[in-house]
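First up is the structure itself, then whatever we jot down about it.
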Amino acid sequence: MIPIIQINDLSVGFKDGTEKRNVISSLNTSVMPGELIGIIGQNGIGKSTLLRTIARLQQPISGEILIHNKNISLYKRSVFAQKISFVSTEIVKLNHCTVRNLVAFGRSPYTNWFGKNSAADELIIDEAIDMVGLSALASRNINQISDGERQRVMIARTLAQDTDIIVLDEPTAFLDLPNKFEVVHLLSELTRKKGKTILFSSHDLTIAMKEADRLWLIMPDKFIEGSPEDLVLQHQISDIFKQTRLKFDPKKGDFGIRRKTVGSCKLTGKGNAFIWTKRALERLGFDTETENSDYLIEVNILEKKNAVLWQLIINNQILTFSSIYDLTRHIK
Amino acid sequence: MADIFFGSVHIPFKNIVQALTFRDTGKDEWNLIILNFRLPKAITAILAGAALSVSGLQMQTMFRNPLAGPYILGISAGASLGVAVVLLGFSTFFGIQTGGFFANWLIVMAAWFGAGFVLLCIFLISLRVNDVMTILILGIMFGSVCTAIISVLQYFSNEVQLKSFVIWSMGSLSNVNGSHLAVLIPSVLIGLIIGLLTIKMLNLMLLGENYARSMGLNVQLSRFIIFLSTSILAGSITAFCGPIGFIGTAVPHVCRMLFKTSDQKVLMIACILVGSLVLLISDLISQLPGNGVILPINTITSLLGIPVVIWIIFKNQRISSI
């Protein structure tokens, strides 16, 4: 397959006075049609700068970006707007602007000098709103919808713009957890159902790992790419957090803070109660995994008909609790 | 219409209609008053209201600043400075007589440049400063600087120049005569036509520069065209009527409230209509005291416009948008 975006020896950055400051240097990579790519990196590492450069909102310092095998600087302005659409972190606040009005802006690369939409344009706009599931809110004012809905409106606008490539800068910033998942899932659906090629930046690694086909990990001294699962198996993901107090758990696929162990605990039980009791004990700093002869405490989960009881053996005392909360309060 | 019918001299309704249709009213001075005084004044009010409101709308959208307007941001003062430079600085060199057709065009163009210069300064600052209130304060300062430079120019100019400038600076709607209109009408029409061509650009600018660019807009060119239109509109009116405050800021908001839309096409047409109407009414109010007393138009527009501006400032604490 031929890549839709080809990036050759690209350096991006910005001018700081007369000095040019590179944030990302000598990047070589490509994007295949229909891919969902999550760009991960710390704040200030240059994710936005890279995306803005790809969307031609700023000039590269050196190197080239090819879209459909043609350097992006060679595209005519209006043609380029039919290839790539962009969603920034800016929150659009307008009084008296409906969801539909905002989505309709997406048609502007196709309309004449006065921006009049044809019947065909109107149909595309309706379809775009429908695709992000906002038909019921089409005539609602954009100041009166939630942040998650507004982000979906901005995505609908890119659909109305009808571009092969969509670039989104931090689409999950400012969103609550369910909305973060929904927005990224929507992007994944668009790649599968509409064949869109989508690049988005995020510092939400957990969510990106669940939906992206490929991750670009941008680190101060290196650039790593691959499917989230490959990166886990190659220990690339856990390497990111080497310098920090965070720890990646390859079994669960999530992150936790590295804690000081206060002692070991013998834990017996089964099912969900076991998993969540283990988490609670880990939270308090107990190691429940190492086989050990001198356990500091022992917790037994007793499951009776409708109730679960926690038995704690501490300092030769046996205590019974009816919730994890009571158990942890006592241990603490 | 009412604006033509009322004035310090009472003229019967029937005779006004006769005068407007170029028939003899029986009294020469009535014909004179209607055709040479009240009619030009009404036309000027319509032009000024439309021009100032449209330029205010353009500036609010461009700067994404709900308080922007030609008067508040010092654009009118810049236009005055342009005129002052011509009347106080150059007129002796060229021996220009005020009132001539050529001089009128020269004055108007100087006003365009003055307005355009201040607009450019404010734009350059707005690239660095994003705060609505800061830009506002800087705009007021630009206005003050322009006024100060005008005072300096006045101080160093000779009697003849000073007289011609003072006469100009007392300008109001009623000072505009037929020869002025010959310049004012085409100027405002050109400004408005360019303005109508900027509707799509303004709509895209609503979302901010990045979005506008990503949807294929040539932002630099658009800015230039919008500035051109704003400078022509605000400059032309200031050149002949003097500064008229707050119409440019208030009318776009009144239109947004009336039509509940952010579509610049609807708003621009609404600004032309509502702006003309508001200024005609202001002019009518300015004659209310009767007995030949006419209040300065700027006083009336301030009284009408400032409450709207205060309302925007209060509303703005909740939602910072246009």
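Chain identifiers are assigned alphabetically (A, B, ...) following the order of the sequence lines, protein sequences preceding nucleic acid strands; residue numbering begins at 1 within each chain. Computed from a prediction, not measured in an experiment: that's the story for all the values here. These values consider heavy atoms only, across backbone and side chains, with no hydrogens, waters or symmetry-generated copies.
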Greater than 12 external heavy atoms within 6.0 Å of A:Lys70's NZ
yes
Considering non-hydrogen atoms only, spot the tightest contact between B:Ser214 and A:Ala81 and give its length.
O-CB, 3.8 Å
A:Gln59, CD atom: more than 12 neighbouring heavy atoms under 6.0 Å
no
Which residues in residues 151-158 of chain A have any heavy atom lying under 4.5 Å from a heavy atom of chain B?
A:Met154, A:Arg157
With a 4.5 angstrom heavy-atom cut-off, is it the side chain or the backbone of A:Phe105 that approaches chain B, or both, or neither?
both
Would one find more than 12 heavy atoms of other residues, nucleotides or ligands at under 6.0 Å from atom CZ of B:Phe117?
no
Sorted by chain and number, sequence neighbours left out, ring-ring contact (aromatic ring centres under 6.0 Å, His included) with B:Phe113 holds for none
Side chain, backbone, both or neither: which part of A:Asn112 has a non-hydrogen atom closer than 4.5 Å to chain B?
backbone
Please find the pair of heavy atoms, one from B:Leu207 and one from A:Glu90, that lie closest to each other, and give the distance.
O-OE1, 4.2 Å
Measure A:Ile84 against the heavy atoms of chain B and call it side chain, backbone, both or neither at under 4.5 Å.
backbone
Considering only heavy atoms, which portion of A:Val87 lies under 4.5 Å from any heavy atom of chain B: side chain, backbone, both, or neither?
both
May I ask you to list the residues in residues 217-227 of chain B that approach chain A closer than 4.5 angstrom, counting heavy atoms only, ordered by number?
B:Leu217, B:Asn218
For the atom pair NE2 (B:His253) and CG (A:Asn95), what is the distance rounded to the nearest 0.5 Å?
9.0 Å
Counting only non-hydrogen atoms closer than 4.5 Å, can you tell me which residues of residues 38-55 of chain A sit against chain B?
A:Arg52
Just wondering, more than 12 heavy atoms not from A:Met32 lying within 6.0 Å of its CE?
yes
Closest contact, heavy atoms only, A:His96 versus B:Lys260
CB-C, 3.5 Å
Of the non-hydrogen atoms in B:Asn210 and A:Leu57, which two are nearest, and what is the gap between them?
O-CD2, 3.7 Å
I'd like to know if the side chain of B:Lys200 reaches the main chain of A:Thr111, judged simply by a donor and an acceptor atom lying under 3.5 Å from each other, with no hydrogens or angles considered.
yes
How close do B:Tyr211 and A:Phe86 get, heavy atom to heavy atom, and via which atoms?
CE2-O, 3.2 Å
Between A:Ser108 and B:Leu204, which heavy-atom pair has the shortest distance, and what is it?
OG-CD2, 3.3 Å
